[in-house]
Each structure stands twice: as C-alpha cells, then as structure tokens.
Amino acid sequence: MSEIIFEVLKVIVMLVVLLFMRYVIPWVKARIGSENLEMVEKWVNTVVLMVQQVYYAKSGPERKAIVIDMLRGILIQKNISISEEQLDALIEAAVKAMKMEEAKGETTTVNVAAPTSE
C-alpha cells in the first residue's frame, strides 16, 4: 500500500514541477520583460525631451543619433538588451508623443539658451 502512495506522490510532484516549468517560469520572465520595457520607455521619453531641449539647434538625424548613443549607454549599464528596431520604434513613438503635446499647446521644451538670473 505504501508503495502505491509513494508512486502517486511521485506523479503529483512531477506534475507540479511540469506545471511550474511550463507556466510559472515563462510568466515571471514575461513580467520582468514588461517591467524592463516600461523602464526603457521612460528613459526614451526622458532622453528624447532632454536632447530636444539641449540640442534644439541640431538637425533631426543628429539629435536621433545623440538619443541612440545615450540610450545605448544606459541600456548597457543596466544590462538590458533590445533590438535596433525596438529602440527605433520607441524613439519614434516618443518623438510623435512630444510633437502631439506641442500641437495641443502643452509645451514640453524649455529654452535653455537664455537662463534667468535670480
């Protein structure tokens, strides 16, 4: 009788391990990935706005190259790997959002060329 119970417990443990490996681990990896993506989106928005404000005299392609260089440095430092296409899409989305806010009248740029003295 105890042999049967032992075999049943082995099967139950194997099923639990199988379910854990099949569903829980991918869910955790996806969760971590989505949190990283949210963090990267925040960095992209911040860097795009900063480059727009600081390097407003440069052309669009020059500013984009600066944004890519800055973001690559951040991503390497944080050990996050995303493709060039993903990074390009995030940058374009941030620029589009910034332009839409400007069109609404919600200015997101600050003129840093003429600081006020207090």
Side-chain angles (χ1 to χ4, degrees):
M1 183 68 173
S2 65
E3 234 180 296
I4 293 174
I5 293 174
F6 180 74
E7 290 299 318
V8 169
L9 285 175
K10 273 182 23 181
V11 170
I12 290 173
V13 168
M14 288 189 320
L15 282 173
V16 168
V17 169
L18 176 70
L19 291 173
F20 182 80
M21 297 291 285
R22 175 70 173 106
Y23 296 105
V24 176
I25 291 177
W27 178 79
V28 169
K29 284 183 179 179
R31 182 73 182 149
I32 290 171
S34 67
E35 289 174 1
N36 280 345
L37 183 60
E38 290 173 15
M39 191 173 17
V40 170
E41 286 175 353
K42 288 179 186 178
W43 291 332
V44 168
N45 290 332
T46 302
V47 171
V48 165
L49 287 173
M50 186 278 305
V51 168
Q52 176 67 21
Q53 291 176 359
V54 174
Y55 299 101
Y56 58 89
K58 294 194 179 272
S59 70
E62 289 175 319
R63 286 189 302 235
K64 186 172 183 179
I66 293 168
V67 168
I68 290 172
D69 289 342
M70 293 178 107
L71 288 172
R72 282 284 168 214
I74 292 170
L75 293 173
I76 289 170
Q77 182 182 12
K78 299 294 183 180
N79 199 24
I80 297 174
S81 176
I82 64 172
S83 70
E84 290 291 327
E85 293 81 21
Q86 290 171 323
L87 185 59
D88 188 54
L90 289 171
I91 292 170
E92 293 299 326
V95 170
K96 178 74 172 177
M98 181 184 64
K99 287 182 179 181
M100 288 174 62
E101 287 177 5
E102 287 176 358
K104 288 181 189 176
E106 300 171 8
T107 306
T108 56
T109 59
V110 176
N111 188 357
V112 293
T116 59
S117 59
E118 294 184 38

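One is the number of the first residue; the rest follow in order along the sequence.
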Check whether any side-chain heavy atom of [X] sits under 4.5 Å from a side-chain heavy atom of [Y], and report yes or no.
X   : Y   : result
W43 : V40 : yes
K64 : V51 : no
I80 : M39 : yes

Taking K58's backbone N and O only, do any of them form a donor-acceptor pair with R63's side chain (distance below 3.5 Å, no angle check)? yes

Output, in order, the C-alpha distance, side-chain angles, deciding distance and verdict of side-chain contact (heavy atoms from CB on, under 4.5 Å) for V54 and I66. CA-CA 11 Å; V54 174; I66 293 168; over 6 Å; no

Given the rule in the side-chain contact (heavy atoms from CB on, under 4.5 Å) test, do I91 and L71 qualify, once you have shown the distances and angles that lead to the verdict? CA-CA 10 Å; I91 292 170; L71 288 172; 4.0 Å; yes

Who pairs with Q77 by side chain to side chain donor-acceptor pair (under 3.5 Å), at least two apart in sequence or on another chain? none

I'd like to check the side chain to side chain donor-acceptor pair (under 3.5 Å) partners of E41; sequence neighbours left out, ordered by chain and number. none

Quick one: pull up [atom1] in [X] and [atom2] in [Y] and give me the separation to the nearest 0.5 Å.
X   : Y   : atom1 : atom2 : value
N36 : K78 : CG    : NZ    : 10.5 Å
T46 : I74 : OG1   : CD1   : 8.5 Å
E92 : L87 : CD    : CG    : 10.0 Å
L90 : K42 : CG    : NZ    : 14.0 Å

List the residues meeting side chain to side chain contact (heavy atoms under 4.5 Å, CB included) with K99, not counting sequence neighbours, and say none if there are none. V95

Examine I12 and I4 and state if one hydrophobic cluster contains both, with Ile, Leu, Val, Met, Phe, Trp and Tyr joined whenever side-chain heavy atoms are less than 4.5 Å apart. yes

